[in-house]
Amino acid sequence: MEGVAFASFTSFATKSLLFSSLSPSSIITRSQKSRKNISPKPFVTLLDYGAGNVRSLRNAIRYLGFKIEDVRTPKDILNAGRLIFPGVGAFASAMDVLVKTGMDEALCTYIRNDRPFLGICLGLQLLFEYSEENGPVKGLGLIPGVVGRFNSSNGFRVHHIGWNALQIAKDSEILDEIGDRHDYFVHSYRAIPSDDNKEWVSSTCNYGYDFIASIRRGNVHGVQFHPEKSGDVGLSVLRRFLHPNSRGTKRPTQGKASKLAKRVIACLDFRTNDKGDLVVTKGDQYDVREQTKENEVRNLGKPVELSGHYYKDGADEVSFLNITGFRDFPLGDLPMLQVLRHASQNVFVPLTVGGGIRDFTDANGRYYSSLEVASEYFRSGADKISIGTDAVYAAEEYLKTKVKTGKSSLEQISRVYGNQAVVVSIDPRPNGEVYAWYQCTVNGGREGRPIGAYELAKAVEELRAGEILLNCIDCDGQGKGFDIDLINLISDAVSIPVIASSGAGAVKHFSEVFTKTNASAALAAGIFHRKEVPIQSVKGHLLKEGIEVRI
Ligand code: 1PR
């Protein structure tokens, strides 16, 4: 991913100095000699240079029955039987680490020798000559061509986030089960197809214009999308790479994917009930207690089970919101981290986690930065984190001072993990009789703030939010449809994707939000938890209405 500076790179580079006395060329010579004696291994080697979250990929590889051996030295690359390189972070920082550690040469040798390789996302981009990301920055130069940024001049939002279709250019056995189905992309830079790299390109994708979605030459593969987050289709890509002998025949083409799909997201609000159990709950206008004498927290099921169910039913993403995170210390909430760890072992679509992300000092006086809190969420399996309350305070401060301090949770987390990994959740409540405005709230709707949803959205975009989750307290849990005016107000104000939330009560509400607004995704909770409508029926309806969704 892009736009990222990495504290963790530095520490990895320092560790790597342990083997820096061994020159890359001497390493290569020795391992080339010994390679003849290497037998095929029942594991895959992973080049994780410590720049971010590759837990999802690890989970997917393990799910497919493979063991993982991590690269520690350039020699491990040369000795690998099968190597996966999930590039994470910014192009320049990644190249910097590769060069400092001598892994650049090892990688080039490995790939030039046509050894089994799969680069993912930045792991594909680094194979090219140059990237414009903070550059031009030199890449490994194995494939002719350049990596450039998407631009919004053609009306497309700069991040390409979501499920898109591939146009297969040539046979690439690992793509053979994709057919006409969508894969999950998240990036704002892309490799540009040209005559010079034509022979490498195995598929392209269109987002305003064509870009390289995958490359293949011999045993060397690279994909811009994330197979580990692309559901069954993505798992088939990994499986075909990991088990080349069991690839079998090409599957008949399925699906009708042609462009970026609208996303349907299942949301699990959860909190601890009065007995101390972590439960999925869902309120009416944010009140999650039953209207009974006991006034207990509404219990709609167990988070891990429900997330697995929604994944199988076709959710394009699953969101977990710890709705009382504002009052408890989220890292003290070990069951919640366990939920995430377990859910991410079996759910291979993006997981977003929110609730309580802020700087915090615990009872013993130990200070935790919001970045540490977010990092723990990422380590536990989150692909994106969502910030509510703290983003409101950051936006208020920014609007008051006009200074980006770089210290807000929003700025810190997007600097380290990339802004595609940072969602801002807005909880507005319509206010005012004559001049209506959408007043932002904090602490789960408990406190109104002197800032409107429009101003907040614009400010958090400037502070590097990557996406907006747009709730509406009045519509929440009512089943009467999304607030179309609010969604239009916000999605027209920003150039980052907007997720419409609150109020879905029937399949027609999903088609309405996608035909009347520019929302990139629709999120719902109650309608799914109460089992009124399965996600597949929502998608069936959207397809019938001519709205492209992933099936
Ligand atoms: O403020 O950073 O600690 O984050 C808290 C997060 O928890 C925020 O994202 C906030 O929206 C959420 N939250 C806080 N209290 C509640 C509550 O319900 N009492 N849930 C709450 C808000 C999230 C929605 C919901 C949809 C769809 N709900 O995404 O799931 O409104 O519901 P529906 O389809 O049934 O209408 P912080």
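Counting begins at 1 with the first residue of the sequence. Atoms within a ligand are numbered from 1 in the order they appear, just like the ligands themselves. Note that this is a predicted model, so its numbers are computed, not measured.
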I need the atoms of ligand 1 closer than 4.0 Å to a non-hydrogen atom of Tyr286, numbered in the order shown.
11 (O), 16 (C), 17 (C), 18 (O), 19 (N), 22 (C)
Taking the side chain as C-beta and beyond, is there a heavy-atom pair between His187 and Phe211 under 4.5 Å?
yes
For ligand 1 and Gly388, I'd like to know whether there is a polar contact (N/O to N/O, distance under 3.5 Å).
yes
Contacting atoms of ligand 1, where contact means under 4.0 angstrom from a heavy atom of Gly526
33 (P), 34 (O), 35 (O)
Decide yes or no on salt bridge (charged side-chain N to carboxylate O under 4.0 Å, His left out) for Arg55 and Asp383, but give the supporting numbers first.
CA-CA 9 Å; Arg55 186 186 175 99; Asp383 300 288; over 6 Å; no
Within 4.0 Å of some non-hydrogen atom of Asp269, the atoms of ligand 1 are 18 (O), 20 (N), 22 (C), 23 (C), 25 (C), 28 (N), 30 (O)
Going by the order shown, which atoms of ligand 1 are within less than 4.0 Å of some heavy atom of Thr389?
1 (O), 2 (O), 37 (P)
Using a 4.0 Å heavy-atom threshold (strictly under), name the region of Ser502 that reaches ligand 1: side chain, backbone, both or neither.
both
Which class fits the ring pair His160 and Phe185: parallel under 30°, tilted 30 to 60°, perpendicular over 60°?
tilted
Counting each atom of ligand 1 from 1 as listed, which ones have a heavy atom of Gly477 under 4.0 Å away?
33 (P), 35 (O), 36 (O)
Does Gly354 come within less than 4.0 Å of ligand 1, judged by its heavy atoms?
no
Geometric N/O contact Ala525 with ligand 1, under 3.5 angstrom:
yes
Heavy-atom contacts with Asp427 under 4.0 Å: which atoms of ligand 1 show up? List them by number with element.
8 (C), 10 (C), 11 (O)
Out of all atoms in ligand 1, which are within 4.0 Å of some heavy atom of Ala524? Include the element for each.
34 (O)
